[in-house]
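Structure record follows, encoded as structure tokens.
Computation of the quantities below employed the complete heavy-atom set of this structure, encompassing side-chain atoms and omitting hydrogens, waters and symmetry-equivalent molecules. Since this is a predicted model, take the numbers as computed values, not measurements.
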Amino acid sequence: MTDDVLNRSPVHALLADGTTVCVRPVAPGDHDQLDRFYEELSPENLRLRFFAASRRSGALAADRASTQTHPGYRALLAETQGRIIGLVEYDTGGDAKDSAEISIAVADGLHHRGVGTLLVEHLVSAARAEGIVTFVADALSENHEVLRLFADLGLRTERRFEGPEMRCTIRLTEDDTYLSAVETRGRAADVASLTPLFRPGVVAVVGAGRRPGSIGRAILHHLQSGGFTRRLFAVNPSATSILGIPSHPSVSALPRTPDLVVVAVPAASVPATAEECGKAGVRALLVVTAGLDSHQSQALLTACRTYGMRLVGPNCLGISNTDPELRLDATFAANHPSPGTAGVAVQSGGVGIALLDGLSRLGIGVSSFASLGDKYDVSGNDMLQWWESDGTTDLALLHLESFGNPQAFSRTARRVTRRMPVLTVDAGRTNAGRRAAASHTAAAATRTMTRQALFTQAGITATRSIGELLETAALLHSQPLPEGSRVAIVTNAGAVGVLAADACAEAGLTLPPLSPETVADLVAVLPEGATVGNPVDATAAVSEEQLGACLDRLVKCPGIDSVLVALVPTAVAEATGDDLVRALTRAPARRARPVAVVRLEQALPVELLPADGGTIPSYAEPHTAARALAHAAHRAAWLARPAGTVPELPDVDTQRAHTIVEDHLRAHPDGGLLDPRTCADLLACYGIPQIPWAWAETEDDAALAADRLRGFDGRVVMKAHWPGLVHKTQQHAVHLDLRGDSQVRAAFRDLETRFAGLMTGVVIQPLAARGTELFAGVVQDEVFGPLVLFGLGGTATEVLADLPQSRLRSTGGTPMARLAPLTDHDVHDLITSPRCAPLLFGADGSGPVDLQALEQLLLRLSRMASDLPQLAEADFNPVLAAPDQVTVLDARVRLLPRPPHDPYLRRLR
């Protein structure tokens with residue numbers, strides 16, 4: 001079962017209308033409440049549930065749910081503020097089976113709010129973890145609501161009439177159709193729950209002082225001066241008015257219940273304030289207070305969950321929504337953000353201020369802003385879904401120091417990035433940065449390679465600084481995407497053209513030669529002495545008209561995807577620097593291809609120059625312009641590729657794999673490395689190809705095994721084994737090129753003597769034929785889940801510098817990485833990475849390896865990692881890739897006792 005259900009710990013989730021409910025297993029102490037739940041059902045509701053309007057049936061159902069403990073039975077309930085509002089059950093009939101009967105009941109007056117659907121989703125997750133593959137449900141054919149619930153789940157459902165009843169058979173296969181259906185329901189619920197935060201009708205500020213200097217008063221002033229169009233109150237027991245705004249002694253004393261309450265009181269008062277808000281019916285809290293201890297933090301979150309309030313913060317700058325019909329600015333930033341189309345979410349208030357000011361200065365403006373602070377509840381994933389649905393945002397900017405549910409975030413981001421650019425700062429790239437993030441916002445440290453894999457797979461544009469983020473946002477906001485990475489440079493100073501060419505090359509862009517037709521056209525329009533190559537040196541004598549004509553021709557040149565114009569002011573031509581800029585801006589800003597400008601005399605790193613119908617980005621340095629163009633090219637390439645799919649894999653025995661893992665952890669409760677035989681059995685469950693091998697514990701057994709397994713040129717390999725052995729080569733625990741019985745026996749005696757008291761046996765393998773040695777592995781990240789690694793094999797360098805806890809063996813270079821489950825595109829990216837591709841495609845003259853088999857190996861490794869959360873690490877090194885096959889020569893798998901976890905199950909943090 002999922003970890004939450006196994007531990008009988010409650011989780012909180014959102015209903016379709018955005019309200020919060022608690023989902024948990026039924027406990028024996030719930031009997032009286034369950035009895036009351038059934039007593040309050042209407043006769044019609046009872047009839048649809050039990051096929052008869054019998055109160056006795058309800059009482060028996062309450063007895064069963066609160067007392068059943070036999071294997072194969074599970075019951076989950078939904079409750080709000082201690083009241084049970086729904087119940088779902090499944091029962092296999094006693095013995096372990098792969099099919100179970102399911103039943104559902106929802107309280108009167110709460111239908112059509114998603115209670116039953118949410119409970120069934122959680123029950124499906126629990127059933128899958130128990131090996132159940134099918135639900136069966138009987139319903140009256142007139143029970144349209146429950147039949148519609150089953151039909152809309154996203155699972156394959158079969159119906160069969162049996163008299164007045166309908167028998168529904170539901171297959172519990174988790175595929176993309178089901179996950180997409182869950183996502184759609186979750187998105188609607190999430191947006192509904194955020195409405196009180198970002199579109200409140202009534203706002204109150206608790207902690208606004210009468211004297212200047214308090215954060216609460218600053219936020220109250222910001223709301224007032226920003227022109228908030230709805231009702232605004234202050235809460236202060238010592239004042240009747242603050243800044244001309246009505247003040248009341250408590251939240252409960254307000255004439256209207258606020259949708260949103262801003263909490264700016266000392267940390268010790270935060271829990272009581274949250275409790276008061278919850279009891280008053282407040283829907284959302286913004287807690288700017290910092291310094292909460294663990295007890296205060298838990299009390300704050302408990303109040304929010306108990307009363308169904310969404311929470312931003314604590315320890316944050318605030319939130320904004322620049323909609324002119326609302327004008328909500330609940331922050332204590334120095335300036336109000338300009339209205340616009342960029343959504344911004346940050347964990348750092350300082351970063352938030354920098355982005356708000358930068359976007360306002362550029363003229364892009366902000367649609368909505370959230371400083372998430374310690375991020376107890378509302379997260380970057382919530383904000384992406386809000387922006388996706390608000391009808392205004394077309395550019396998303398994130399600065400996140402931690403990720404609560406990266407796998408769910410990845411699915412959301414993959415969807416959102418196809419509708420708008422999503423940009424982030426890759427913060428915490430170093431050990432020092434990760435330590436600083438942990439101390440700043442209590443963020444869990446995340447590995448650089450893991451975050452980069454997340455960003456790459458989700459199509460997120462990852463930058464390395466706030467400046468780079470704004471520079472890239474300026475280009476993506478103002479210009480169309482390029483079709484590729486081919487750039488034409490035009491300049492009025494040759495040396496500047498050289499700098500621009502270097503910058504483009506260093507950013508991964510290319511400068512192709514111009515077409516002969518374009519060259520002829522440019523010679524005709526440019527001044528005498530111009531150099532028409534790429535870069536185009538238009539000379540200092542170029543006029544406004546000549547530069548404009550040159551640009552018009554370059555943006556239409558075949559084989560060119562974008563144009564970079566690098567200008568310096570000169571006194572040679574009649575045209576001034578401003579005249580030359582006008583040559584760029586007098587034409588429509590959004591041409592068919594993107595145009596960026598470099599002006600070395602420009603004071604600001606990036607500006608947006610007004611042009612006909614839009615703006616053109618202007619940069620102070622060539623490398624910043626080139627970097628922004630490269631980000632745009634990468635986004636265009638990502639969008640041009642269809643969304644990847646996780647292929648179906650034949651010959652996978654997941655049930656046997658679970659049995660192997662459970663048996664091993666039963667015998668070794670602390671986990672550890674699998675012995676060779678268990679490791680081979682586990683790999684066989686996933687069809688992972690392994691070189692033939694045999695286990696031997698005596699010299700005679702070793703000789704017999706070698707005789708059976710003699711491979712290439714009649715030679716075998718002998719490897720010692722004992723629990724915990726990782727680096728066999730470093731321990732000199734391997735003998736290669738063994739020929740004949742005498743060499744095999746001598747090798748065994750040598751290992752037996754040198755490792756007396758340690759060695760439990762040896763592995764005998766035929767000597768493998770020649771091929772390319774590769775590395776494939778998995779590291780189970782505590783936050784991000786399984787990360788699949790792939791690269792060159794060998795023993796030249798350590799696998800990954802920023803994986804200090806890893807026991808993976810060394811490889812011939814830093815591997816590529818992608819988060820599991822891998823799609824077909826992910827596998828293609830791993831195999832075609834520059835680090836491996838030349839050898840895999842036969843650059844050394846040996847011919848291409850079996851790429852299809854290599855793809856299968858990575859997909860099967862990914863499937864194993866996704867199926868088995870207990871798989872802490874898997875290490876295939878070397879993997880021998882040859883033209884006719886791919887084989888794992890040595891494998892190590894380490895297990896740890898971890899409960900299953902469903903990353904896509906709908907629940908709040």
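Judged purely by atom type and a 3.5 angstrom limit, T624 has no side-chain atom pairing as donor or acceptor with the backbone of A620. Between the side chain of R411 and the main chain of Q407, no donor-acceptor pair closer than 3.5 Å is present. Here the side chain of Q479 pairs no donor or acceptor atom with the backbone of L476 at under 3.5 angstrom. In terms of modelled atom types and a separation under 3.5 Å, the side chain of D357 and the main chain of A354 share no donor-acceptor contact. N534 places a side-chain N or O within 3.5 Å of a backbone atom of P512 that can act as its donor or acceptor partner. Within the 3.5 Å criterion, the main-chain N or O of V555 finds a donor-acceptor partner in the side chain of R593. Put simply, the side chain of T463 gets close to the backbone of T424: a donor and an acceptor are under 3.5 Å apart.
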(Q) For a side-chain contact (heavy atoms from CB on, under 4.5 Å) check, start with the C-alpha distance between S515 and V519, then their side-chain angles and the critical distance, and finish with the verdict. (A) CA-CA 6 Å; S515 68; V519 169; over 6 Å; no

Q: Please lay out, stage by stage, how V346 and L372 fare under the test side-chain contact (heavy atoms from CB on, under 4.5 Å).
A: CA-CA 6 Å; V346 298; L372 304 174; over 6 Å; no

Q: For side-chain contact (heavy atoms from CB on, under 4.5 Å), just list the numbers for M420 and R418, CA-CA rounded to whole Å, side-chain angles, deciding distance to a tenth of an Å, and then say yes or no.
A: CA-CA 6 Å; M420 70 180 75; R418 294 201 172 271; over 6 Å; no

Q: Start with the C-alpha gap between E621 and V598, add the side-chain angles, then the distance that decides, and say whether side-chain contact (heavy atoms from CB on, under 4.5 Å) holds.
A: CA-CA 6 Å; E621 293 284 349; V598 174; 5.9 Å; no

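Judged purely by distance below 3.5 Å, without hydrogens or angles, the side chains of S618 and Q602 pair a donor atom with an acceptor atom. Between D394 and T341, the side chains place a donor N or O and an acceptor N or O closer than 3.5 Å (distance only, hydrogens not considered). Side chains of S368 and W387: a donor-acceptor N/O pair is present below 3.5 angstrom, by distance only. For the 3.5 Å distance criterion, the side chains of D521 and T518 fail to qualify, holding no donor opposite an acceptor. Side-chain contact annotation: S367 with T393, donor-acceptor N/O pair under 3.5 Å present.
Applying the ring pair (Phe, Tyr, Trp, His ring centres under 6.0 Å) test to residues at least two apart or on different chains, the pairs with a partner in residues 322-370 are H222-H336. Sorted by first then second residue, the ring pair (Phe, Tyr, Trp, His ring centres under 6.0 Å) pairs that include residues 597-631, not counting sequence neighbours, number zero. The stretch residues 507-566 participates, sequence neighbours left out, in no ring pair (Phe, Tyr, Trp, His ring centres under 6.0 Å) pair at all. Legend: salt bridge (Lys or Arg N to Asp or Glu O under 4.0 Å) pairs involving residues 622-632, not counting sequence neighbours, sorted by first then second residue: E468-R627, E471-R627.
Here the OG1 atom belonging to T615 is positioned 4.0 Å from the CG atom belonging to L608, to the nearest 0.5 angstrom. Interatomic distance, L819 CG to L454 CG, rounded to the nearest 0.5 Å: 6.0 Å. One distance of note links CG of L609 with CD1 of I616; it measures 7.0 Å at 0.5 Å rounding. Taken to the nearest 0.5 Å, the CG atom of L395 stands 7.5 Å off from the CG atom of L359. Separation of atoms CG (D826) and CD (Q457) is listed at 4.0 Å; rounding is to 0.5 Å.
In this structure, the side chain to side chain donor-acceptor pair (under 3.5 Å) partners of N381, at least two apart in sequence or on a different chain, are T412. Scored by the ring pair (Phe, Tyr, Trp, His ring centres under 6.0 Å) test, H634 finds no partners at all (sequence neighbours excluded). Residues forming a side chain to side chain donor-acceptor pair (under 3.5 Å) with T456 (at least two apart in sequence, or on another chain): none. For H221, there are no ring pair (Phe, Tyr, Trp, His ring centres under 6.0 Å) partners two or more places apart in sequence or in a different chain. For F198, the ring pair (Phe, Tyr, Trp, His ring centres under 6.0 Å) partners two or more places apart in sequence, or in a different chain, are W386. Applying the salt bridge (Lys or Arg N to Asp or Glu O under 4.0 Å) rule to R415 yields the partners E183, E388; only residues at least two apart in sequence or on another chain are considered.
Between T322 and T392, every side-chain heavy-atom pair lies at or beyond the 4.5 Å cut-off. For the pair V203 and F228, the minimum side-chain heavy-atom distance is below 4.5 Å. Using a 4.5 Å heavy-atom threshold, the side chains of L564 and C504 count as touching. Side-chain atoms of H828 and I831, non-hydrogen and from C-beta on, never get closer than 4.5 Å to each other. Side-chain contact check for L475 versus L629: some heavy-atom pair is nearer than 4.5 Å.
When all heavy atoms are compared, the tightest approach of V378 to M383 is CG1-SD, 4.2 Å. Taking all atoms of both residues into account, the shortest heavy-atom contact from A453 to A817 is CB-O, 3.6 Å. Pairing each heavy atom of V606 with each of R361, the nearest pair is O-NH1, 2.9 Å.
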Quick one: side chains of residues 487-501, donor-acceptor pairs under 3.5 Å with protein atoms, not counting sequence neighbours, listed by atom name and distance.
unit_1: T491; atom_1: OG1; unit_2: A493; atom_2: N; d: 3.0
unit_1: T491; atom_1: OG1; unit_2: A493; atom_2: O; d: 3.0
unit_1: T491; atom_1: OG1; unit_2: A566; atom_2: O; d: 2.8
unit_1: N492; atom_1: OD1; unit_2: V568; atom_2: N; d: 3.0
unit_1: N492; atom_1: ND2; unit_2: V568; atom_2: O; d: 2.8

Contacts table for residues 639-646: side-chain donor-acceptor under 3.5 angstrom, sequence neighbours left out:
unit_1: R641; atom_1: NH1; unit_2: D829; atom_2: OD1; d: 2.9
unit_1: R641; atom_1: NH2; unit_2: D829; atom_2: OD2; d: 3.1

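Heavy-atom neighbours of E483 CD from other residues, nucleotides or ligands within 6.0 Å: at or below the threshold of 12.
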